[in-house]
Every structure is written in C-alpha cells, then in structure tokens.
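When reading the values below, keep in mind they use all heavy atoms of this one structure, side chains included, and skip hydrogens, waters and symmetry mates. Quick caveat, the model's predicted, so the values are computed rather than measured. Chain naming here is simple, since letters A, B, ... match the order of the sequence lines and numbering starts at 1 in each.
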There are 2 protein chains.
Amino acid sequence: MSKPKQSTSTPPRGPGAARQSPSPERRRELLGIAADVFAEQGYNATTVRKIADAAGMLAGSLYYHFDSKESMLEEILRTFLTELWDGYDGVLRAELDPRATLEALVTESFREIDRHRAAVAIYQKEARHLVAQERFQYLADSQQRFEKAWLTTLERGVAEGVFRDDLDTRLAYRFVRDTVWVAASWYRPGGGHSPEEIARQYLSMVLDGISVRT
Amino acid sequence: MSKPKQSTSTPPRGPGAARQSPSPERRRELLGIAADVFAEQGYNATTVRKIADAAGMLAGSLYYHFDSKESMLEEILRTFLTELWDGYDGVLRAELDPRATLEALVTESFREIDRHRAAVAIYQKEARHLVAQERFQYLADSQQRFEKAWLTTLERGVAEGVFRDDLDTRLAYRFVRDTVWVAASWYRPGGGHSPEEIARQYLSMVLDGISVRT
DNA sequence: TAATCTACCAAACACTTGTTAGAAAAGCGT
DNA sequence: ACGCTTTTCTAACAAGTGTTTGGTAGATTA
C-alpha cells in the first residue's frame, strides 16, 4: 500500500526539489554495463563498486544517474520485457496456425536472447526471488501472459491434431519454455550460430525429436 | 580422542589446530536446512543469520559445525555430485545401447532431482560463478565428465543410426542437458508426478517430438 | 560428585555494503 | 574570460556481513 518512491517514468518530483537531467544515452550505456556484470556475477554478488569499476568511474557517481542499485535492475528487466512483448504481440496478432505460431514464438525468443542475452540471464537467475516484491509485479504479470500464450497455442495445436494429445500440456509447456530460455546461459552472439539457425535446430528437436523415424 | 575426524576430503589442516567433533547427523540436518535456504534465496542473498534462524539457533553457533558459509555450500554440492555420479556410473557400466543409455541417464537425473532438488537448484544458479574458484574445481571436472558421457552417447547413437545425423551434436547435447536439469526449478516432490513419470514424458518429447507423426 | 565433552548462546570484531552530500572538474554557449 | 549546467570525485555514513572468542547449560563419563 505505501509505495516508497517512484522512479522510472515519472521524473517530476513532489514539491520544490527539481531533479538533475542525466542524459538518456549515458543511462543506457551504464545500464548495458551493469547488465553484463549482473549477468556474470549475479545480482546480489554484484556490488555497485564493481559496476562503477566496469564503467570506469566511482561508486557514488552512479547515483547521479540512478536512484539505487535495485532501480538499475528494474529498468534492465523492464526494458527487456517491453521489447520481448513487442515481438510476441506481433506474432500473436498474426493469428497463424498453432505450429507456425510456435515456430514464430521460438524464433522470436532466440532473437531476443541474441539482443538481450544479459537481461535474459539475469531474468532467469533472479526472477524467482523478485516476483515476491511488489516493485516487480510486472514480472508476475508477464509470466502469466507468457504461460497463457504458450498454453493456448499448444492446446489449440492438440485440438487441431497437429500436436500429440498423449502428453501433459503443462509439462510440454514447461519443456518448450525452458528449452528455449536456458539457451541464454551458453549462447554468445557471433558464435557461429545465428539466432535463426539455433531456432531452426531447436524447433526440429522439439517438434520431431532427436531419434530417427522408423 | 585426540585426533578428530576430518570433515570432507579438504586438504590437511594447518599445524596444531585441534578441532571439535560435531555429530555427523546434526551436520547433515543443518546442511539440509541450509540447502533449502540457499535454493530459495540464492547463495549470496542468504546470510548465515537466516540459515541459523531456519535452524532455530544463532549465527555463531553454525561455526561449531562448519568452517564457513562457503564450506557449507561446498559440502552440499559435493555430496550431491558424488551421489549423482554413483548413479551415472552404474548406468554407464551397464553398457546399454545408445538409446537405452540416454533413457537411463535421463531417468536417473530425474531421480536425483527428486532426492536433491535443493542442491540441483543451487548448482544451476551458482555453478557458473563457482567453477572459476579453485576450491570448486570438482565442479569443472564433473561438468567435463558429464559432457563426455552425454556426447559420447549421442554420437554413438548417430553412428548406429538411431539418432538423427542432421543435428548439431553439441547443440543436441545442450538441449538434452538443459531440458532435464531446469526441471529442478519447478519440480516439487509429491506433486502428482513421480520422477519416473516425468522422465517418461520428457523422453517421449526429446526422442519423438511434440508434433504428430504424419 | 567431579570432570569432561557437546552443542549452543552472547557479544563483539573487522570489513563490506548501498547510499549520501558537498566539492571539483568538464563542457558549453556567450 | 565568464556563468551555468552536467558529470564525476572525495569522503564519509549507518546498516549488515561473515567470523571469532569466551562463556555456559546439559548430558556423559569417571
């Protein structure tokens, strides 16, 4: 009920206290650096001094650009999820058939991993603890939309006879979801495989399996 | 009497420092509690006071049983990996055909998740940072044996014509590995699915895919 | 009963943490 | 050159961290 502060989209302060105006470009630059450190060391193990080190400045200087360490994390994840849903919504609006929808969602996911691999890695490691905090409510919301989009697609596929009906749908959902996103833990951009190529191989395994058809 | 037992296989202690002799049962009990807290909150976010709280004692009292917070983590992971390899080695010694080996390894993995879900969750979150430290060298060793066992099985399967040869073997390895172990993040024992049942469904998806065969 | 051992508590330690406030540059239009 | 704004540094803070030390209740042994 009592929210302590506002930070992201609302610069105007309460009474009197005019704020500084840090440049958004520098902000993004610093957030990129912070995201890399967060992803590599974990959020809690990352001190603001380490971030500052990586950015070539001192710890206190970060607070000219950001309210707190936590608000850096929040902005990183929020930016990622916003762009992710931009892509997903585009796919869902197209109203393709279940199989094509699944293929498009998976491909889109690998593109997002390619563009936001640090944020994805952070998300995977920290989301579970963060959803409990009210400040990160949007994580829970996103997870619910996510589950709904995937489950609906799978169930429609089963109903239309393109996906197997002898599998637990919820288990299949977790299966597909996890197989896609854990790739962020080892994927490195420019490593020989393009996102689309990885998506193609993953889809081939998820849809048809790794065993030879007899 | 005079010479106390050594905790694990850690290098020989310094001169003179005689140790107490805490009971191994209490040790295991406390490690189980610590593992749960580590798994839920993350290692770095877990303070020794939280562990002590969960155990109904004070922070300092933990140091009667353990050298440090880190050595608790080490013992948790080492115990898990030891038991894991007990199971894996049993499977590998049987020298089944590639497909049966894969099925047995996956099933064994889900059994270990069932028995050590906290340790598995910790492993997944922290292993990446820990392998850098020399104290956790055995993590790197285990990962290498792990990769070798899986890759060999997959490649033998391809050679014998039971696994598809149009897939990147290394990608397939990561695929199988990740799909199995991330299950620890949502699996809860006694949740309707037995480890064997989950293994069966996962294997069905990994081997044959989720799409209907035409 | 006295001596010893086990397992814990109580209180502090040195250090790191995120964060703040004021001073000092650095940049820039005039 | 100047004033003004934007950015960083210096230097500290209070709270929290893992850990150590010495003490002590209760069981076990002599």
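For C/dT6, the OP1/OP2 oxygens have no side-chain nitrogen or oxygen of B/Arg26 closer than 4.0 Å. For D/dG16, the OP1/OP2 oxygens have no side-chain nitrogen or oxygen of B/Thr47 closer than 4.0 Å. Contact check, B/Ser61 against C/dA7: no side-chain N or O comes under 4.0 Å of OP1 or OP2.
Note: CG (B/Leu62) to P (C/dA7) measures 14 Å, nearest angstrom. The distance between atom CZ of B/Arg27 and atom C1' of C/dC8, rounded to the nearest whole Å, is 16 Å. Rounding to whole angstrom units, NZ of residue A/Lys50 and P of C/dT16 are separated by 12 Å. If you take CG of A/Asp67 and P of C/dT20, they are 8 Å apart, rounded to a whole angstrom. Distance B/Phe66 CZ to C/dA7 P: 12 Å, rounded to the nearest Å. Atom P of nucleotide C/dG18 and atom CG of A/Asp53 are separated by 12 Å, given to the nearest angstrom. Between A/Glu25 atom CD and D/dT6 atom C1' there is a gap of 13 Å when expressed in whole angstrom units.
Put simply, the side chain of A/Phe38 does not reach to within 4.5 Å of the side chain of A/Asn44, judged on heavy atoms. Here the side chains of A/Asp114 and A/His193 are not in contact, with every heavy-atom distance at 4.5 Å or above.
The listed nucleotides are C/dA12, C/dT19, C/dC8; the one nearest the side chain of B/Arg49 is C/dA12. Of all nucleotides listed (D/dA12, C/dC9, D/dT8), C/dC9 comes nearest to the side chain of B/Leu58. For A/Met57, taking side-chain heavy atoms from C-beta onward, the closest of the listed nucleotides C/dG18, C/dT19, D/dC9 is D/dC9. Nearest nucleotide to the B/Tyr63 side chain, out of D/dG18, C/dG18, C/dA7: D/dG18. Candidate nucleotides D/dG18, D/dT8, C/dA7 were compared by shortest atom distance to the side chain of B/His65, and C/dA7 ranks first. Checking D/dT19, C/dC8, C/dT17 against every side-chain atom of B/Tyr64, the shortest atom distance belongs to C/dC8.
Counting non-hydrogen atoms under 4.0 angstrom, B/Thr46 reaches the backbone sugars and phosphates but no base.
Geometrically, B/Arg177 does not engage B/Trp150 in a cation-pi contact, judged by NZ or CZ lying under 6.0 Å from the ring centre and within 45° of the ring axis.
Ring centroids of B/Phe146 and B/Tyr88 are separated by less than 6.0 Å, placing the two rings close together.
Only one option out of B/Leu102, B/Thr101, B/Thr107 pairs with B/Leu105 in a side-chain contact (heavy atoms from CB on, under 4.5 Å); it is B/Thr101.
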